[in-house]
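This report concerns only the one structure given below.
As the structure is a prediction and not an experimental result, all values here were calculated from the model.
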Amino acid sequence: NQAESARASGQPDAAQALLVRLDVLDPTNPRTQSLRREIERAKRHQKLLTDAGRALDAGRPAEAEAKVREVLSEAPGSPRAAAAHQRPHA
């Protein structure tokens with residue numbers, strides 16, 4: 001479905017907009033609810049990784065590492081989190 005494709009391609013806002021339309025048709029659809037949770041998790045991960053980069057740039061490597069590890073604990077296959085984890089901490 002289009003919402004899943006948008007989420008998978010890194011467009012959580014577009015996916016969420018499509019979910020709003022799906023809610024009109026069937027607000028209790030389990031697949032829609034599951035996708036909504038995935039989108040919210042992806043947005044939270046995106047924010048954590050952005051914050052981790054800012055923390056690292058500000059000289060707070062322990063804070064950055066904690067944020068990256070949080071994402072990796074929920075999404076071990078996240079390429080962005082893995083790349084952030086490999087970033088030098090100096």
Side-chain angles (χ1 to χ4, degrees):
N1 104 13
Q2 289 179 333
E4 288 174 348
S5 296
R7 183 206 50 84
S9 66
Q11 301 173 1
D13 292 332
Q16 198 160 22
L18 289 164
L19 284 177
V20 169
R21 292 182 5 208
L22 290 172
D23 275 341
V24 172
L25 300 174
D26 185 1
T28 61
N29 184 300
R31 191 169 177 186
T32 302
Q33 292 174 351
S34 174
L35 185 55
R36 179 175 282 103
R37 286 188 297 273
E38 288 179 34
I39 291 167
E40 289 304 317
R41 184 176 60 230
K43 284 182 170 186
R44 188 175 74 251
H45 290 172
Q46 186 174 32
K47 181 180 182 335
L48 282 167
L49 293 172
T50 297
D51 291 348
R54 288 182 180 141
L56 192 56
D57 291 343
R60 300 187 310 268
E63 180 183 335
E65 180 72 15
K67 290 176 185 303
V68 170
R69 285 187 184 272
E70 183 176 345
V71 174
L72 286 172
S73 73
E74 294 179 14
S78 167
R80 186 168 174 222
H85 189 64
Q86 297 301 317
R87 184 173 169 190
H89 300 320

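- For the atom pair CG of Leu22 and CZ of Arg36, the computed distance is 8.5 Å after rounding to the nearest 0.5 Å.
- Atom CD1 of Ile39 is separated from atom CZ of Arg37 by 11.5 Å, given to the nearest 0.5 angstrom.
- Annotation for Lys47: atom NZ does not count as buried by contact number, only 12 or fewer foreign heavy atoms lying within 6.0 Å.
- With rounding to the nearest 0.5 Å, the separation of CD in Glu65 from CZ in Arg69 is 4.0 Å.
- Using modelled atom types, one side-chain atom of Ser73 and one backbone atom of Glu70 make a donor-acceptor pair closer than 3.5 Å.
- Atom CG of Leu72 is separated from atom CZ of Arg80 by 12.0 Å, given to the nearest 0.5 angstrom.
- Between Lys67 and Leu56, every side-chain heavy-atom pair lies at or beyond the 4.5 Å cut-off.
- Here the side chains of Thr32 and Asp26 are not in contact, with every heavy-atom distance at 4.5 Å or above.
- Under the 4.5 Å side-chain criterion, counting only non-hydrogen atoms from C-beta, Glu40 is in contact with Gln16.
- Minimum interatomic distance between Asn29 and Arg31 (heavy atoms only, all atoms of both residues): OD1-N, 2.7 Å.
- Once rounded to the nearest 0.5 Å, the distance linking OG1 of Thr50 with NE2 of His45 reads 12.5 Å.
- Nearest heavy-atom pair across Val68 and Ala52 is CG2-CB, 3.8 Å.
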